[in-house]
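Structure record follows, encoded as structure tokens.
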Amino acid sequence: MSLRHTLLAAVAAVAMTGLAASAQAKTEITWWHAMGGELGKKVEEIAANFNKSQDQYELKAIYKGNYTETMTAAIAAFRAGQQPDIVQVFEVGTATMMAAKGAVYPVYKLMNDSGLKWDPNAFLPAVVGYYTDTDGNMLSMPFNSSTPVLYYNKDAFEKAGLDPNSPPKTWQELAADSKKIIDSGAATCGFTTGWQSWVQIENFSAWHNIPIGTKSNGFGGLDTQLTINSPLDVRHIGDMAAWQKDGIFKYGGRRSDSAPLFYSGECAMYMNSSGSYAGVKGNAKFAFGVGMLPYYDDVKGAPQNSIIGGATLWVLQGHDKAEYKGVAAFFNYLSSPEVQADWHQFSGYLPITQAAYELTKKQGFYEKNPGTDVAVKQITLNKPTENSKGLRFGNFVQIRDIINEELENIWAGKKSAKQGLDDAVKRGNELLRQFEADNS
Amino acid sequence: MHKRVTFRHPLLPYLLVLPQLAITFVFFLWPASQALYYSVLRQDPFGLKTKFVGLQNFERLFSDPTYLNSFDVTIVFSLSVTLSGMALGLLFAVMADRVVKGAATYKTLLIWPYAVAPAVAGVLWWFLFNPTIGILAYALRSLGYDWNHAVSGTDALILVIVASTWKQVSYNFLFFLAGLQAIPKSLIEAAAIDGAGPARRFWTIVFPLLSPTTFFLLVVNMVYAFFETFGVVHATTSGGPGQATTILVYKVFNDGFIGLNLGSSAAQSVILMVIVISLTMIQFRFIERRVQY
């Protein structure tokens, strides 16, 4: 054998081993998430199952703390050039992520670039609508979405002589039922609420088909203004302030701090996320039921549909093509009916595709767990309108704080409903103008 | 003639203070200059667009009535935390100093709370005072006071003051105890022989001799109340109800790390820095004169 042949053979051998090595090395994808506890374990399980389902990519799911901590961590990492491929961001961070053009890789683009088969119409419009641009393109991948529902204490209803299988449908009925419950001594308070801005302002507006802000709730542009001091909002918040004096309503604090009021039996009804189902089930020592949010029956167009909360998965720029292909493959896996149905049934979050909902129905899950389908029915009650598609306001984390503060001023009797909501609009609009100036 | 320490090599003294200088630079000068730099900018969270805005961030803050309101809240909060924390620390130290049997156990128990993280301390007191399930709220209700920190601003402020104070009492206790043990017993005995009662002995001998400790703790507690208490507020009231517990440092944290409003947050921390530096200077200039070392 001549020297040339030996050389060629050697080169070929090296090339072969090189190929073999690259086929073995998996492309690593990182996913920063905010799911602690049981949900966190489930996320790990989803990642492990995805890794088992194929041999090209290795998905690493990393817990980074609560929603704000995860988002802040991802942003800091981006500034340092160390960003993950995927980050889970809560719904109020949507405007911030959207405005960061050049930092995010919109999901519809990612899926198209990947060449993988994918159908944006398979997703539930009420879920996906929150995360699309004005042309209806999906910007992030919905992961855990929920919507507020009404939990009620069936035992207290029975004790007060009410039908335990028919929760109040309207606010008028809810007030009347509460009075009966209090008078009969079945409970000392009618109802309480978690996440007051999300439930009693944002969802209240969507449910009654009135805007939360101009420019289609902010979807139409950064020059949006809040409209949560509309006559109907003032009426509702004014009613709640009046009910508070009669004990029909009791304020239990921000976030889900009001939960103990319901668990202890003090309040007979409780409005909070459908994702609280497991918590209610674990803590309530009484029979409970789930109903839709109440509405004012003299308002035309109510009930419309409720809007969601929760979080989605955003893809960050700055990685190579192979990783993004892996991300696309994972998103396809994640939205498959089996994975979705399992996640939905385990967590109480909404299914994100029609197929996952149908599969859950077919498996008989809703019959075995009555009330778990109320959330899906509620968000799909009507085709979402401009007012009920969702909202997109910059600096909204801080605006929610402002709404919380002003509502608390109303509950404490320091301000009238009109005054408090006017102030919330004024202060909120200032933050919207800042966001507009910072991003234009 | 002056007594001077001389080094064999002219660079050696600089080398010896270098670690200290490095620490000051990395942990104080560098972050402080960054805060100053960001306070005159507006920037989106990702750092993609940066604009120089001069003093606009400061102007906006001082024309915001809610920001001015949080000054009032901060003054009430900081004074309460500092004074009650030091008073309780001193009281416990004097008591523990007199205990003979099981002294070590008492001391250990009193020092424990210092090892608790601020957020955990906050949650703990939040549970105790929870209007529905809290044992202290229950006790207060049976005394005829309807405690509800979700609605009442006064209740909420008391809650964060109690939680923040509780955490700091241990620290104060430790220093006061050490200070007490450094006071010569002979002085106190002499006063006792002269017929001074315990209260008189305390105010005329012990308290003045403790003044270096007291002064040191005053500075440290002020800094604690101004800078390190946002964890307690974050875990309990989130600044509410209304803005009843929004202290300056919590607003810095909330606007910066939760709201991602970096320019405003940096401007606020510059303001806070100026306040604390001037407070410390005042303390050193006017109060330290009365301290007897």
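Residue numbers begin at 1 in each chain, while the letters A, B, ... track the order of the sequences. We use all heavy atoms of the structure for the numbers below, so side chains are in, but hydrogens, waters and symmetry mates are not. Just so it is clear, the structure is predicted and the values come from calculations on it, not from any experiment.
- When only modelled atom types and interatomic distance are considered, N229(A) and D422(A) share a side-chain donor-acceptor pair under 3.5 Å.
- For F46(B), the ring pair (Phe, Tyr, Trp, His ring centres under 6.0 Å) partners are F78(A), not counting sequence neighbours.
- Enclosure of atom CZ in F127(B) is not indicated, since only 12 or fewer non-hydrogen atoms of other residues, nucleotides or ligands lie within 6.0 angstrom.
- With chain A as partner, the option from A150(B), S238(B), G242(B) having the largest number of non-hydrogen pairs under 4.5 angstrom is G242(B).
- When heavy atoms are compared at a cutoff of 4.5 Å, P45(B) approaches chain A by way of both its backbone and its side chain.
- By the neighbour-count criterion of 12 heavy atoms within 6.0 Å, atom CZ of F227(B) is densely surrounded, having more than that number from other residues, nucleotides or ligands.
- Put simply, of L260(B), T50(B), N130(B), the one with the most heavy-atom pairs under 4.5 Å next to chain A is L260(B).
- Proximity to chain B is limited to the side chain of N395(A), based on heavy atoms less than 4.5 angstrom apart.
- In this structure, the portion of K101(A) lying under 4.5 Å from any heavy atom of chain B is its backbone and not its side chain.
- Between F262(A) and F286(A), a ring centre-to-centre spacing shorter than 6.0 Å is recorded.
- For chain B, the option among P260(A), G253(A), A412(A) with the highest count of heavy-atom pairs below 4.5 Å is P260(A).
- M86(B) and N172(B) make their closest contact through N-ND2, 3.4 Å (heavy atoms, listed as atom of the first residue, atom of the second, distance).
- With respect to chain B, the highest number of heavy-atom pairs below 4.5 Å among N409(A), I75(A), I399(A) belongs to I75(A).
- For an aromatic pair to be called close, the ring centres must be under 6.0 Å apart, and F129(B) with H149(B) fails this.
- There is no contact between R400(A) and chain B, counting heavy-atom distances below 4.5 Å.
- Side-chain atoms of T132(B) and S264(A) form no donor-acceptor pair, as typed in the model, at a separation below 3.5 Å.
- Top candidate by heavy-atom pairs under 4.5 Å with chain B, chosen from V397(A), T68(A), D438(A), is D438(A).
- Counting heavy-atom pairs under 4.5 Å between each of T246(B), D64(B), N148(B), T66(B) and chain A puts T66(B) at the top.
- The part of E266(A) that comes within reach of chain B is its side chain, from C-beta onward, which places non-hydrogen atoms under 4.5 angstrom from that chain.
- For a residue to count as touching a neighbouring chain, one of its non-hydrogen atoms must lie under 4.5 Å from one of that chain's; by this rule L41(B) does not touch chain A.
- For the atom pair CD (Q88(A)) and OH (Y63(A)), the distance works out to 10.0 Å, reported to the nearest 0.5 Å.
- Interface check for chain A: of the options N261(B), D44(B), I133(B), the most heavy-atom pairs under 4.5 Å are formed by N261(B).
- Both tests do not hold together for K250(A) against F191(A): distance to the six-membered ring centre under 6.0 Å, angle to the ring axis within 45°.
- Neither the backbone nor the side chain of E430(A) comes within contact range of chain B, judged by heavy atoms closer than 4.5 Å.
- For a residue to count as touching a neighbouring chain, one of its non-hydrogen atoms must lie under 4.5 Å from one of that chain's; by this rule A99(A) touches chain B with the backbone only.
- Chosen from G263(B), A244(B), P241(B), the residue pairing most often with chain A at heavy-atom distances under 4.5 Å is P241(B).
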